[in-house]
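Whatever order the structure lists ligands and atoms in, that order sets their numbers, starting from 1. Everything quoted here is computed from the prediction, not taken from an experiment.
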Amino acid sequence: MKRIVSGIKPSGTLTLGNYIGAIRQFVQLQQTLSDTEFFLFVADMHAITVEQDPAQLKKHIREIAAMYLAAGLDQDKTVLFIQSEIQEHVELGYLLQSLTYMGELERMTQYKDKAKKQETGITSALFTYPVLMAADIILYDADYVPVGEDQKQHLEITRDIATRFNNRYGSFFKIPEPIIPKIGARIMDLQNPEQKMSKSSSSDKGYIALLDDPKVITKKIKSAVTDSYGKVQYDPINQPGVANLLQIYATLTNQEIDTIVDQYQTLGYKNFKEDLAVVVVDTLVPIQKKYQEILASNLLDHILDQGRTRAQEIAVKKLTKCKRLIGLGR
Ligand code: AMP
Ligand code: TRP
């Protein structure tokens, strides 16, 4: 039996980037892989590396948990839980800090980017964040970790830390492999296609929230930045806006980019955007409906309770052994 582990931070509302780069991948993997367990969690401990409003944080935690299910994950094949309900993540994170060097963390691009934007008030938790992420993964001996492109470096440091532990204390942690989709691993901002689509984007026209109203979705796609070439073709360097829209179209319809280019080459941007808006709305509306049903039932808490029990069972055993290997305690 193989194990897949992944998480999403509740640091804002979920975007189409999260859906295409992460959630949709989880669902597809679950539908195609047999004999694989899925451990998916809400990474709330990661969200507080930057300041969060407590009420908003609570709301976003539930939103992510419900969205995993609304997007089509099978509750019987998924251990769904909230990271902060399993203390072992943080404890293992601390143990792994004793094997991680400052220089390694200083090289993390996500930290460097955030630190650049936010010159004051950078917390030490933001700096050590990749170590907690390593703990999240190796605590469950994950075989595979499906993520978007921006997490690739964090997976590399996870592998380095796990290997270092194994070299020092004997083979104990499984070394995880990332799964990064070939297209759609980095969906860009609709207003600024040089930048990743993100919930913390400066303008809300730059991202599509999974819970956006269909009218809003259509408007955002129609006003997405393109270029003056005026021709639908796949050229990420010279036409990054159109290339991004093509990636969204291709992933959501399971088609090759070339097929879509052939279809729209002579039709111009207006037609292309109108059809893309329909594709996105048709994808998100059923998910939104299911999402509302899940929130209205008490199913979610039941699933999260079960998830906590199962995750804890594994986490407690692994951490106890880990501490013993290090020589801690009596
Ligand atoms: P986060 O919201 O930062 O916790 O990210 C959760 C997951 O969504 C991770 O696997 C990210 O790599 C993925 N993700 C976030 N933004 C994007 C994006 N713009 N394009 C593709 N994947 C993304
Ligand atoms: N750091 C990830 C992000 O920002 C979220 C995350 C936390 C994660 N722990 C994880 C993803 C473990 C995969 C596995 O997107």
Which bit of Ser6 is near ligand 1, meaning a heavy atom under 4.0 Å away: side chain, backbone, both or neither?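 Ser6 to ligand 1: no contact under 4.0 Å from either part.
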Side chain, backbone, both or neither: which part of Lys199 has a heavy atom under 4.0 Å from ligand 1?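 Near ligand 1, Lys199 shows its side chain, while the N, CA, C and O stay back.
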[atom]: the protein heavy-atom neighbour that sits closest, reported with distance to 0.1 Å:
atom                    : value
atom 12 (O) of ligand 1 : Asp150 OD1, 2.4 Å
atom 8 (C) of ligand 2  : Gly7 O, 3.7 Å
atom 9 (N) of ligand 2  : Asp136 OD2, 2.7 Å
atom 10 (O) of ligand 1 : Gly148 N, 3.1 Å
atom 3 (C) of ligand 2  : Gln151 NE2, 3.2 Å
atom 22 (N) of ligand 1 : Gly17 O, 3.2 Å

May I ask whether Ile20 places a heavy atom under 4.0 Å from ligand 1?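 For ligand 1, residue contact (heavy atoms, under 4.0 Å) with Ile20 is absent.
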Met197 heavy atoms, cut-off 4.0 Å: which ligand 1 atoms fall inside?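 Selected atoms, number and element: 16 (N), 18 (C), 19 (N).
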Would you mind listing which atoms of ligand 1 come within a distance below 4.0 Å of any non-hydrogen atom of Gln151?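 Those qualifying, in numeric order: 12 (O).
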Which of parallel (below 30°), tilted (30 to 60°) and perpendicular (above 60°) describes Tyr111 and Phe127?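 Judged by the thresholds at 30° and 60°, the geometry between Tyr111 and Phe127 is perpendicular.
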Can you classify the ring geometry of Phe41 versus His89 as parallel (below 30°), tilted (30 to 60°) or perpendicular (above 60°)?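 Rings of Phe41 and His89: perpendicular, as their planes differ by over 60°.
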Ligand 1 N/O within reach of Lys9 N/O, cut-off under 3.5 Å: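 There is such a contact, yes.
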Sub-4.0 Å atoms of ligand 2 with respect to non-hydrogen atoms of Val145: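 It comes down to these atoms of ligand 2: 13 (C), 14 (C).
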Should you measure from each heavy atom of Lys9, which atoms of ligand 2 turn up under 4.0 Å away?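 Counting from 1, the qualifying ligand atoms are 3 (C), 4 (O).
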Is any side-chain N of the basic residue among [X] and [Y] closer than 4.0 Å to the acidic one's carboxylate O?
X      : Y      : value
Lys318 : Asp141 : yes
Asp213 : Lys219 : no
Arg310 : Glu37  : yes
Glu156 : Arg107 : no
Glu274 : Lys270 : yes

Would you tell me which option among Ile137, Thr158, Thr49 has the nearest heavy-atom contact to atom 14 (C) of ligand 2?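 Considering heavy atoms of Ile137, Thr158, Thr49, the nearest to atom 14 (C) of ligand 2 sits in Ile137.
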Given Phe39, Phe41, Tyr129, which one has a non-hydrogen atom that is nearest to atom 1 (N) of ligand 2?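 Looking at heavy atoms only, Tyr129 sits closest to atom 1 (N) of ligand 2.
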Should the proximity of Gln83 to ligand 2, defined as any heavy atom under 4.0 Å, be assigned to the side chain, the backbone, both, or neither?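 The answer is neither; Gln83 stays 4.0 Å or more away.
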Please report whether ligand 2 has a polar contact with Gln110, defined as an N or O pair separated by less than 3.5 Å (distance criterion only).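 N/O-N/O distance below 3.5 Å does not exist for this pair.
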N or O pair under 3.5 Å between Asp150 and ligand 2: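 No, Asp150 has no N/O under 3.5 Å of an N/O on ligand 2.
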